[in-house]
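Everything on this sheet refers to the single structure shown next.
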2 protein chains.
Amino acid sequence: MYLSSLAELAFGSRLKALSDYFYTAADEVYRGCGAQIESRWFPVLRYLWENGPTTVSEVAMAIGQTHSAVSQLTDKLVRAGMVRRRRDAEDGRRSVLALTDKARDSLGALGPIWCSIRRGVASSLGAEGKALLAAMAACEKALQERPLAAAVMVEHAALVAAPLEIVPYEPALREHFYRLNSQWLERDFKLEDIDRAMLSDPERYVLQPGGAIFFARLGGELIGTCALLCESAGVYELSKMGVDETFRGLGAGRRLLDTAIGEFHRRQGEHLFLESNSKLKTALRMYEQAGFVLQPATRLGSHYERADVYMIYQPGAGAARGKKAVRKRQARATRTSQEV
Amino acid sequence: MYLSSLAELAFGSRLKALSDYFYTAADEVYRGCGAQIESRWFPVLRYLWENGPTTVSEVAMAIGQTHSAVSQLTDKLVRAGMVRRRRDAEDGRRSVLALTDKARDSLGALGPIWCSIRRGVASSLGAEGKALLAAMAACEKALQERPLAAAVMVEHAALVAAPLEIVPYEPALREHFYRLNSQWLERDFKLEDIDRAMLSDPERYVLQPGGAIFFARLGGELIGTCALLCESAGVYELSKMGVDETFRGLGAGRRLLDTAIGEFHRRQGEHLFLESNSKLKTALRMYEQAGFVLQPATRLGSHYERADVYMIYQPGAGAARGKKAVRKRQARATRTSQEV
DNA sequence: CATAATTGCGTTAGCACTAACGTAATTGCT
DNA sequence: AGCAATTACGTTAGTGCTAACGCAATTATG
C-alpha cells in the first residue's frame, strides 16, 4: 500500500482506515447475528452496563469523547429504547443515563457475540492483534507524557537552527560511511559483498584509486554521505549516496550530489555515471534534476545485482532528452521526468 | 483508560481517537510553522508530488479512500490553488489532477517539517512508534487475508453449536486448574505462594480436606473452573473461580457458581463465603446475583493479599441488603449493587 | 454496428463527530 | 447574602467521510 511507504507521515490516515474497518466489521457481525445494536453504541452501552447509571460527562470522559458526542448518541439510544434519560435529583444540571430493561436483555444476549469477536480477532489477527493492542496502549501513554506536536516543534526548531555543511572524508568518519549506507541498503535491498568491502575500507576502495567521499553534517550530526569513485582515468562513478531516513527532505542529498559533481569537474573528469534502482524514485528524480540522463539499458557488466537503472551525466542535455528510451522501459519513471 | 479495558472490543474507537490525535497534532505543527497546508491534504498532495499527474481514482486507490472523498478534497485543493483539474485527452471520463507551481513550492518547503515530524514521532513515541507501525502493517495484511467479520462469524457458529457442560474434577484435568486460574491471577494481581501450592496440587489442598472442583467444558475445550473449599465442618469457601478471557460472556461462570452452590447444599453446608477483589466488578456482580452479600469489612485473617472484598452467602437475603455498609466502603461498588 | 455492461467521476444526502455557543444549576468568594 | 466563576448539558453549524445515485464516456458482446 502507498500509505505504508509514508510511515510516520500518514499515521492519521492509516489509523482511520483501520478504525473504520473494525467498525464496519463489527456492524456486519451484529447484523449477521441479528443483534439490534450498532458498533458505535458499544462504548456507551458497555460502560452503562458495567458501571450502572452515570452522567453524560462521566461517560464522555470514560470513553474519551466530548460530552456533545455522548449527548447526541444518547438521543439515538433513547429513540432506540435502549437508554433512559433522567434529571439528577441532587444536581439539576446533570442528566443521568441508565439502561432500559430492553437494553439489559439485549446486552445480556450479546455475551456470546462479544466472546466470538474476541476469538475472531485472535484467529484473524493472531499475535499481531496483541501486538497492536500493546503498541496502542504504549503510544497512548507516551503521547500523554510527551505531546507529539510539542516534540515536533522542538525538533523543527533544532533543525532550522543547525547549519548544514558538506565536509570531506577523514579517517575518524569511516564508521559513518558504513552506517549511512547500510541503512538504506538493508532496508530495500541487501548488502552485497562488494558493498561490505567498500563500506568497511573506503580508504582502500574509494580514496586510493583516486575517488572522494563527502559527508553532510547537520549541527554535530552526520546525516548523509556520498562517494565519487574513480574507475579509470577521467571516468568517475557516483555511488554510495545515502541520507539518514529521519533526515530526508532537508536538501542534504542535493548538496552532496552537487558537491560530488563539483569535485568531478574540479578533477577535470570526462565521464560520470551512476547505477541505481527504479525503486528509489526520489533519488532518481534528484539525479535527473542534477543533469543525469537515464540510459535505455542497464550498464554492461554492472557490479551490483540491484542495479536496474543506468544514468550518465550530461549537464547540457537537461531533462528533456531520453524520453523515448525511458517510456519503453518504465511508464512511471517517464511520468516523473515529464513532470520535473 | 476505560476503553483499554475492553481490549479487542473497542478497537475501532481507540484507533479513531489515535487517528484524530495525529491529525490534530499535524495541523498544530503546520500552523506553528506557518505552512499553508492541512493534514488531511497530505496523502493526496504527497502522492501527486511523488507520482506526477494522475486521475482521481488512481489517487483514491493509492491512499485507500473512495473516489468521492478524493473528488471533494480536490475541490478544496483547487480552491486553495494547490491542484489543477484537467479532462484527460485520451479518455474523456477521466479527470487528471496535477500540482500547481504554488503547490510544488509549498511542498518543497515542507521537507524540513516532514523531517521534523519523523524525528518528533521518534522522540515522542520512541520504539513504540516503530512497534505501532509494524503492528499496523501486519494487521492490515492479516485482515486482507482473513477478513475479520468472516472469522468472527465462524467462531460464533462454533460457539453456539458447542454444548456447555459442567464436569467434576479428575486427575487428568489438573493442569487446566492451574492454567485457568493463573491466567487471571497474573493479569490483575500476582500469584501468591498459597495460590501456587493449591493450583499445583489441588487434590491435596482442595479435594482431600473435603472440597470439590468443577470445570466448564465447551465442546472439547476446558474454558473455566471453580473450587469449593472446605474450611472446617460445614464451613465452605468459594474460590479459584476463573473463566478463560476469550470465553467470557457465555455464562460459564454463572453455571460454575450455581454448580458449586448446589454442591454446598448437597453436602448440607452451613456457612459459605468468598474473598475477592473490588477490581473484579463483573465477578462481584455475579456473586451478588447468586445470593452472596458484601460484608462491611474484609475477613479477619484472610489468606490473600489481594482480598479486599468479603462476601457471605445468604440465599434468602437478596441483593437489597448491605447497602449502607457498602456505601461507606466503596462508592463504585455501591452503584453496581443498587443497579443489579 | 447497435446495444449492454462497465468505468470514471461528480453530486447529494446522511452519519459521526467537534467546536462553539447558550442556558441553567452549582460553587466559590468577599 | 450577592455576584462571579465554574460546571453540566443541549443545540447548532460545520467537517470529513461514505453510500447511493446519475451522467457521460468507454469497452464488451451478440
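Every chain is numbered from 1 and lettered A, B, ... according to where its sequence line falls, protein lines coming before strand lines. Note that the structure is predicted; figures quoted are calculated from it, not measured.
Remark: aromatic rings of B:Phe42 and B:Trp114 are close, center separation under 6.0 Å.
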Kindly indicate, with the supporting measurements, whether the criterion side chain to side chain contact (heavy atoms under 4.5 Å, CB included) is fulfilled by B:Ser123 and A:Glu155. CA-CA 9 Å; B:Ser123 102; A:Glu155 293 292 336; 3.9 Å; yes
Should A:Val70 and A:Ile63 be marked as a side chain to side chain contact (heavy atoms under 4.5 Å, CB included) after you check the CA-CA gap, both sets of side-chain angles, and the distance that decides it? CA-CA 9 Å; A:Val70 174; A:Ile63 67 176; 4.2 Å; yes
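Between the side chains of B:Thr246 and A:Arg118, no donor-acceptor pair is found at a separation under 3.5 Å.
Counting heavy-atom neighbours within 6.0 Å of B:Glu140 CD, excluding the residue itself, gives a total above 12. Atom CZ of A:Arg87 sits in a crowded spot, with more than 12 heavy atoms from other residues, nucleotides or ligands closer than 6.0 Å.
Spacing between atom CZ of B:Arg85 and atom P of C:dG10 amounts to 4 Å, rounded to whole angstrom units. Spacing between atom CZ of A:Arg79 and atom C1' of D:dG10 amounts to 14 Å, rounded to whole angstrom units. Atom CG in A:Leu97 sits roughly 14 Å away from atom P in D:dA8 (whole-Å rounding). A:Glu58 places its CD atom 16 Å from the P atom of D:dT7, with the value rounded to the nearest Å. Atom CZ of B:Arg87 and atom P of D:dC23 are 16 Å apart (whole Å). For the pair B:Asp88 CG and C:dT7 C1', the interatomic distance rounds to 13 Å; values are reported in whole Å. Separating the CG atom of B:Asp75 from the P atom of D:dC17 is a distance of 13 Å, rounded to the nearest angstrom.
OP1 or OP2 of C:dT11 has not a single side-chain nitrogen or oxygen of B:Ser71 nearer than 4.0 Å.
Here the side chains of B:Pro112 and A:Phe247 are not in contact, with every heavy-atom distance at 4.5 Å or above.
Judged as a salt bridge (Lys or Arg N to Asp or Glu O under 4.0 Å), and not counting sequence neighbours, B:Asp27 has no contacts.
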Within the sub-3.5 Å range, which N or O atoms of nucleotides 15-21 of chain C have a protein N or O partner, and how far apart are they?
{"unit_1": "C:dA16", "atom_1": "OP2", "unit_2": "A:Lys76", "atom_2": "NZ", "d": "2.7"}
{"unit_1": "C:dA16", "atom_1": "O3'", "unit_2": "A:Arg40", "atom_2": "NH1", "d": "3.4"}
{"unit_1": "C:dC17", "atom_1": "OP1", "unit_2": "A:Gln65", "atom_2": "NE2", "d": "3.4"}
{"unit_1": "C:dT18", "atom_1": "OP2", "unit_2": "A:Thr66", "atom_2": "OG1", "d": "2.7"}
{"unit_1": "C:dT18", "atom_1": "O4", "unit_2": "A:Gln72", "atom_2": "NE2", "d": "3.0"}
{"unit_1": "C:dA20", "atom_1": "N6", "unit_2": "A:Ser68", "atom_2": "OG", "d": "3.3"}

Give me the distances for all protein-to-nucleotides 23-26 of chain C N/O pairs that come in under 3.5 Å?
{"unit_1": "C:dA25", "atom_1": "O3'", "unit_2": "A:Gly92", "atom_2": "N", "d": "3.3"}
{"unit_1": "C:dT26", "atom_1": "OP1", "unit_2": "A:Gly92", "atom_2": "N", "d": "3.0"}

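Cation-pi check for A:Arg285 over B:Trp49 is met; the charged atom lies under 6.0 angstrom from the ring centroid and within 45 degrees of its normal.
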